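A short worksheet on the structure shown next.
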Amino acid sequence: MLLARRNNNLNWMTNFFDDFFDDSWMARMNSTAPAVNVKEDANKYIMEIAVPGLKKEFCRVGLNADGNLEVKLENKCEHKDEDKHEHYLRREFNYTNYEQTYTLPDNVDKDKISAKVNDGVLMIDMPKMSKQEEKKIEHKIEVG
């Protein structure tokens, strides 16, 4: 494996600190969406969203007026300055917000959707309707 070679001049320390204190990599990291897996079995769909370190209080899951699934994640990393004598050279406590709307398959029983956070994963359980329930939804419109 080849590594990029650094300039061997007297400014290597300046370059090191410029790289270390540059926030552009942090902005790129925060602009990405969380990883999402969707699984299906005979009875349900399961959506798994990576939310490492996020408390369940900051995860909101619901249905919008159009019947689409809305996922809203908000991470507030706050640090109270109790010691006024501290001076940060770099501070990465931040605020991130993620919102996404998903169109659900027609056979999802929207009244039985549930969600929980466990080990850094938001799991959204979307049971499927039975075949009989699906037939109740279907209706024919007579053309007059």
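Note that the coordinates shown come from a computational prediction; the quantities given were computed from them, not determined experimentally.
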Query raised in the report: Which pair of heavy atoms, one from L73 and one from V51, lies closest together, and at what distance?
Result: CD1-CG1, 3.6 Å

Requested in this report: Taking all non-hydrogen atoms of both residues into account, name the closest pair between Y102 and V71 and its distance.
Outcome: CE1-CG2, 3.9 Å

Output a table of donor-acceptor pairs, distance under 3.5 Å, between side-chain atoms of residues 109-124 and any protein atom two or more places apart or on a different chain; print 'none' if there are none.
| from | atom 1 | to | atom 2 | distance (Å) |
| --- | --- | --- | --- | --- |
| D109 | OD1 | D111 | N | 3.3 |
| K110 | NZ | G67 | O | 3.0 |

Atom pairs and distances, side-chain donor-acceptor, residues 36-48, under 3.5 Å, sequence neighbours left out:
| from | atom 1 | to | atom 2 | distance (Å) |
| --- | --- | --- | --- | --- |
| N37 | ND2 | E48 | OE1 | 3.3 |
| K39 | NZ | E48 | OE2 | 3.2 |
| E40 | OE2 | K128 | NZ | 2.5 |
| D41 | OD1 | N43 | N | 2.8 |
| D41 | OD1 | K44 | N | 2.8 |
| Y45 | OH | N107 | OD1 | 3.1 |

Report summary line: CG of L69 to OG1 of T101, rounded to nearest 0.5 Å, is 8.0 Å

Report summary line: Sequence neighbours excluded, the answer for side chain to side chain contact (heavy atoms under 4.5 Å, CB included) partners of A35 is A50

Report task. Start with the C-alpha gap between Q100 and I49, add the side-chain angles, then the distance that decides, and say whether side-chain contact (heavy atoms from CB on, under 4.5 Å) holds. Result -> CA-CA 11 Å; Q100 184 67 46; I49 302 174; over 6 Å; no

Query - Side-chain donor/acceptor of N64 to backbone N/O of D66, under 3.5 Å - result: yes

Report summary line: Residues passing the side-chain hydrogen bond (donor to acceptor under 3.5 Å, both in side chains) test with E74, sequence neighbours excluded, are Y95

Query raised in the report: With sequence neighbours left out, what residues match K55 under side-chain hydrogen bond (donor to acceptor under 3.5 Å, both in side chains)?
Result: none

